[in-house]
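Keep in mind that what you see is a predicted model, and the values were worked out from it rather than measured. Every number for a ligand or one of its atoms is a count from 1 in the order of the listing. Positions are given from 1 along the sequence.
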Amino acid sequence: MTAVIHCTALTKKFGDFTALDAVDLTVGPGTVLGYLGPNGAGKSTTIRMLLGLSTPTSGSVRVLGHDPARDPAVRARIGYSPGELRLDDRLTVAQTLESWSRLRPGVDTAFRAELVDRFAVRLDKPVKGLSTGNRRKIGLVGAFMARPELLVLDEPTNGLDPLMQEVFLDTAAEAAAAGATILLSSHVMSEVERIADQVVVIRAGRVVASGTTQEMRSGAPLRVRVVFDGSGPSASDVARLPGAAAVEQVAPQELRLRWTGPPNDLLRLLAAHDVHTLSLPEPDLEDAFFEHYRSPAPTASSPSVRPSASVH
Ligand SMILES: Nc1ncnc2c1ncn2[C@@H]1O[C@H](COP(=O)(O)OP(=O)(O)OP(=O)(O)O)[C@@H](O)[C@H]1O
């Protein structure tokens, strides 16, 4: 099966600065990929190369089997919602959507009208002076309206109110159900968790983790809270266990800590005491994500957790 996105050792330098460093990324058809990373991680840099808007310093990028910089026709098969949408300020919203529709084949005008309705877009407004959220909504209608094979969405909910975020998630889920491949760059874990099958986390231009949302969650530390009847183990005893981190004695009979891995050693230690309450909630993707923020930035000698990302 041909990958929809296939990047090999993708590298982008701006002068001496390496914004993206040998990223391998393979996204199979029909996959919804959450592409996550803190500010400046390299998400938009990757996206611009996927669209042929910028060329790699080294490495290769293939989108729908083509090199997007050499074969710009492939752009017509991609629905793109940029992080910052540039619009022609002389046009109205209706004229903007009409001009985009003329540029690309396959726009279903009935579906476009439905999207305008869903996203509560005011067609008669001049684009000049539109709010960030309203600009975002136009960009999303433009991305979805031709039912493209690949949707590349750069922080699509930035500036949207909660109702519109829901509309976006429903529309993206509908496109995915119809077989579209989606690359969703985001800071918002909850939305990624709702629709992504796979997650890739980049940081300082490198892939630091990748896997299914479930795998990401299971690799995340548990936030443990334990309250004892009587005395418990000392914080230093708990901190000596290899899975423990950030152990805090928050009250004479209460400990809080983060735990990574199977909790057997911890349970054995706790069982020697009289435990009143033990709370060990299921980690969520937010925890997994912030774990990658907290760990030291990757360097050449300490590469990523799983340095390449292959998701199908
Ligand atoms: N044209 C450019 N010239 C110089 N540096 C650039 C250029 N474009 C991006 N960078 C730098 O490359 C790094 C990655 O930027 P990028 O916009 O890809 O990050 P991002 O993950 O999309 O971040 P954000 O979430 O803030 O949008 C940043 O340090 C940025 O300052």
Peer 1: Mind checking whether M145 and L91 sit in one hydrophobic cluster, side chains of I, L, V, M, F, W, Y counted as touching below 4.5 Å?
Peer 2: no

Peer 1: I'd like to know whether T31 forms a side chain to side chain donor-acceptor pair (under 3.5 Å) with D197, so could you lay out the CA-CA distance, the side-chain angles of the two residues, the decisive distance to 0.1 Å, and finally the verdict.
Peer 2: CA-CA 6 Å; T31 298; D197 315 304; 4.9 Å; no

Peer 1: Can you see which heavy atom on K13 is nearest to which on T18, and at what distance?
Peer 2: CE-OG1, 3.7 Å

Peer 1: Where the side chain of K43 meets the backbone of Y35, is there a donor-acceptor pair that is under 3.5 Å apart?
Peer 2: no

Peer 1: Counting only N and O atoms by type, is there a donor-acceptor contact under 3.5 Å from the side chain of T181 to the main-chain atoms of G30?
Peer 2: yes

Peer 1: Write down, by chain and number, every protein residue that brings a non-hydrogen atom to less than 4.0 Å from an atom of ligand 1.
Peer 2: F14, F17, A19, P38, N39, G40, A41, G42, K43, S44, T45, E155, H187

Peer 1: Under 6.0 Å from the CD atom of Q95, do we count more than 12 heavy atoms belonging to anything else shown?
Peer 2: yes

